[in-house]
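Single-structure report; data block below.
Each chain gets a letter, A, B and so on, in the order its sequence line appears, and its residues count up from 1.
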Amino acid sequence: MKRTHTCGELNKKQVGKKVILMGWCDVRRDHGGLIFIDLRDRWGKTQIVFDPSVAQAAQGLAKEIRSEFVLEVEGKVRKRPQGMENKKLPTGEIEVVVQCLKILNRCPTPPFEISDQADVAEEVRLKYRFLDLRRPSMQNYLILRHKTAQAVRNYLSKQNFLEVETPVLTRSTPEGARDYLVPSRVQPGKFFALPQSPQLFKQLLMVSGFDKYFQIVKCFRDEDLRADRQPEFTQVDIEASFVSRDDILEMVEGLIQTVFKEVSVKNIKKSFDRLNYKDAMNWYGSDKPDRRVPWKIEDVSEIFKNSPFKIFSQAAEQGKVIKALKVTPAQDLARKDFESLESEVKGLGAKGLGWAKLTSEGWQSPIAKNFSDQDKEGLLKKLKLKANDAVLFVADEWAVACQVLGALRLSLGKKLKVFDEKTTDLCWVLDFPLFEWSAADNRYVSVHHPFTSPHLEDLSLMNGSDLSKVRSLGYDLVMNGYEIGGGSIRIHDRDLQQKVFETLKISAEEATRRFGFLLSALEYGAPPHGGIALGFDRLVMLLANCSSIRDVIAFPKTTSATCLMTEAPSEVDEAQLKELHIQIKS
RNA sequence: GGGGCUGUGGUGUAGCUGGCCUAACACAUCUGCCUGUCACGCAGAGGAUCGCGGGUUCGAAUCCCGUCGGCCCCGCCA
């Protein structure tokens, strides 16, 4: 027997036709005589009818059918009686009258109803993921994921990019995320690492002359999970030779537009806004700003420099900044809301949060009584305040003040629903610092990675005292407050690479030991090159309007990095450990 | 490593300021009836010792401590 049609394609054009359908029993409506069953497959649902006057035997067997039984039915397509059409179904104009039924497999009562309406705890869904994935919405997410991957492959292939696979078993290159390690059986005491990204391999491919490379590839990072972070995730990894930063940015803009055109109903702009890191931090308090929140952080240090309010004026004197965020409209925020914000802020590293609300009766605020008339006037003018606006103040080190107000900007913007969640915003963040000081390590560390090229205008600063001023040729692609991609123009000069290692306090021996193959490759005629890696799961998540990448990954891990279905990771046999020369200490 | 939320029949929830809880409701399940339903309907039935362990108390789903699982966030994620 062969299935002639799927459950999503029959309509009145096939009326009268004999068909064979296969699928799962979605719902059963047993009227005693007539039995209706919605047969479901990944293409849709079709109503099948068992009529004792048409096929007595089939109708008798149909009495046994329960939810999620796997069925094969042979029957005739017929138009539903007048007024009995189901407008909610694409196949709702017809039904299949069954002449012959085969129960291909039975099913115990499922742990939850296979339906998008059913509200089931994620814990249960993940344990029975194979059932969860039967739900139409989950099937659509994976279909969307496939289409997105296809669009990416087609676009890049048309642009003459070549897909090349790189090793999954590779060497550990600390610095960066924690590695997943794989013990070597043949080399006692030695380990492979799973790649955090194919970064070095793609650079080597450039040295090999594959001037346009891409790969849709799994990457592994043994770090704590988030809604948008899994220990194994997929990147669209891209690298090209003889390109400038703008070449990469434009190519990626084309890629993203193509993806949107093929899989989404949303429209996005032709080219994406570019902001530099400093502005992103100053205006949005984040290097991955969600610009859909229509508020910008303002610097009001100048206004409070001479204020009688000592907390602010002294902060300004000490070289700190006073940042202000106008929250509008804020009529729904009461004193207790501001007070709870204040405690929230302390968890983020700020010493305090000032607030003031402008009501029709004047200022409502625990601190505004300390402001001079000049201060108030300055604020009104700079922030263009009107009744029912509130202002949040943080006086702190620049980075802290920005980040804290950035966090509040986002959480209040969402809470007060001041923007349409369905809109899409894409932008580039450029000119990141190349290095940042790590107090923990007592040295400078790479903001991106040690192979990122310094901004060519800043090369002279590389010898200066304040290395945090050196900008990089790195770039991040940001969508709705998520970093969906990041990359850079790389260093292709061995001496410059050596210099960066020195700056990072990575000794020559250490560099040779860890990245010798790269340094060697850079000597053998490395072309100028650069690239990007897109977070494929995040991209699909945003295209699907989901809030967790788990929803667009077939078999994801929990926040404690386990799989509830397979119960991985698991203990292994003593014999396996022995072969791998591994002993567990408890 | 830290903070927050959460765990009650198969599923989702209510109860959680301790005693009327002999744990309620909806869906699902089972039985019977039903020839036009599509969240089918009607009548009935079964099913949870409240994640687990300990403590307080005359009495614990309810309070306390510990522990395990899930989710969100900070740190971490070059």
Check the distance between C38(B)'s P and Ile65(A)'s CD1 and give it to me in whole angstrom. 19 Å
Checking Tyr141(A) against Gln139(A): is there a side-chain donor and acceptor pair closer than 3.5 Å? no
Under 5.5 Å between ring centres and under 30° between planes: true for His31(A) and the base of U37(B)? no
Among Val70(A), Asp26(A), Leu71(A), side-chain contact (heavy atoms from CB on, under 4.5 Å) partner for Leu39(A): Leu71(A)
For U37(B), is there a stacking contact with Phe36(A), counting only centres under 5.5 Å and planes under 30°? yes
When you look at NZ of Lys557(A), are more than 12 heavy atoms from neighbouring residues, nucleotides or ligands closer to it than 6.0 Å? yes
Please classify the nucleic acid contact of Asp51(A) as base, sugar-phosphate, or nothing, using heavy-atom distances under 4.0 Å. base
Nearest of G70(B), C77(B), C40(B) to any side-chain atom of Thr558(A)? G70(B)
For G70(B), does OP1 or OP2 lie under 4.0 Å from any side-chain N or O of Ser560(A)? yes
Closest to the side chain of Asp119(A), out of U31(B), G12(B), C40(B), is G12(B)
Take the protein atom CD of Glu123(A) and the nucleotide atom P of G10(B), then report the distance between them rounded to whole Å. 14 Å
Mapping Ala227(A) and Gly33(A) onto RNA chain B by nearest heavy atom, which one lands closer to the 5' end? Gly33(A)
Which nucleotide, if any, forms a Watson-Crick or G-U wobble pair with G44(B), using both distances under 3.5 Å? C30(B)
If I pick the P atom on C25(B) and the same atom on C33(B), what distance separates them, to the nearest angstrom? 27 Å
Looking at C77(B), does its base get a donor-acceptor pair with the side chain of Arg221(A) below 3.5 Å? no
Is the distance from OP1 or OP2 of C38(B) to the nearest side-chain N or O of Arg80(A) less than 4.0 Å? no
Select one nucleotide: of C38(B), C34(B), U11(B), the one nearest the side-chain heavy atoms of Val120(A). U11(B)
Proximal nucleotide (of C74(B), C77(B), C40(B)) relative to the Arg226(A) side chain: C74(B)
Classify the nucleic acid contact of Arg125(A) as base, sugar-phosphate or nothing, counting any heavy atom under 4.0 Å across all strands shown. nothing
Scan Ala118(A) against the nucleic acid and name what it touches under 4.0 Å (heavy atoms): base, sugar-phosphate only, or nothing. nothing
What does Val447(A) touch in the nucleic acid at a heavy-atom separation under 4.0 angstrom: a base, only the sugar-phosphate, or nothing? sugar-phosphate
When the ring planes of Phe501(A) and Phe515(A) are compared, do they come out parallel, tilted or perpendicular, using 30° and 60° as the limits? parallel
Among Glu239(A), His529(A), Gln497(A), Gln203(A), which residue satisfies the side-chain hydrogen bond (donor to acceptor under 3.5 Å, both in side chains) criterion with Arg490(A)? Glu239(A)
Using the ring of each side chain (for Trp, its six-membered ring), is Phe130(A) parallel, tilted or perpendicular to Tyr128(A), with breaks at 30° and 60°? perpendicular
Whichever of Thr109(A) and Asn86(A) has the more 5' nearest nucleotide on RNA chain B, that residue is Thr109(A)
Given the structure, check if the side chain of Glu85(A) and the base of G36(B) hold any donor-acceptor pair shorter than 3.5 Å. no
Any side-chain N or O of Arg29(A) below 4.0 angstrom from OP1/OP2 of A39(B)? no
Starting at CG of Asn86(A), measure out to CD of Gln47(A) and round the result to the nearest 0.5 Å. 7.5 Å
Against the six-membered ring of Trp398(A), is Lys278(A) placed for a cation-pi contact (under 6.0 Å from the centre, within 45° of the normal)? yes
Who is the Watson-Crick or G-U wobble partner of U35(B), with both distances under 3.5 Å? none
Phosphate-side-chain proximity, Thr559(A) and C71(B), N/O vs OP1/OP2 below 4.0 Å: yes
To the nearest angstrom, the CG-P distance between Asp116(A) and C38(B) comes to 20 Å
side-chain N/O Lys88(A) vs A39(B) OP1/OP2, d < 4.0 Å: yes
Below the 4.0 Å mark, does C77(B) have OP1 or OP2 next to a side-chain nitrogen or oxygen of Arg538(A)? no
Under 3.5 Å donor-acceptor pair, Arg28(A) side-chain atoms to C38(B) base atoms: no
Rounded to the nearest Å, what distance is computed from the CD atom of residue Glu113(A) to the P atom of nucleotide C27(B)? 11 Å
Could you tell me the separation between the CD atom of Glu344(A) and the P atom of C72(B), rounded to a whole number of Å? 17 Å
Kindly point out which of C77(B), G10(B), U35(B) is positioned nearest to the side chain of Pro111(A)? G10(B)
Against the side chain of Leu564(A), the closest entry in U37(B), C72(B), G69(B) is G69(B)
So, OP1 or OP2 of G70(B): does either fall under 4.0 Å of a side-chain N or O from Thr562(A)? yes
Counting any heavy atom closer than 4.0 Å, what does Arg78(A) reach on the DNA or RNA strands: base, sugar-phosphate only, or nothing? base
Looking at the side chain of Ser548(A), which of C72(B), U11(B), U35(B) is the nearest nucleotide? C72(B)
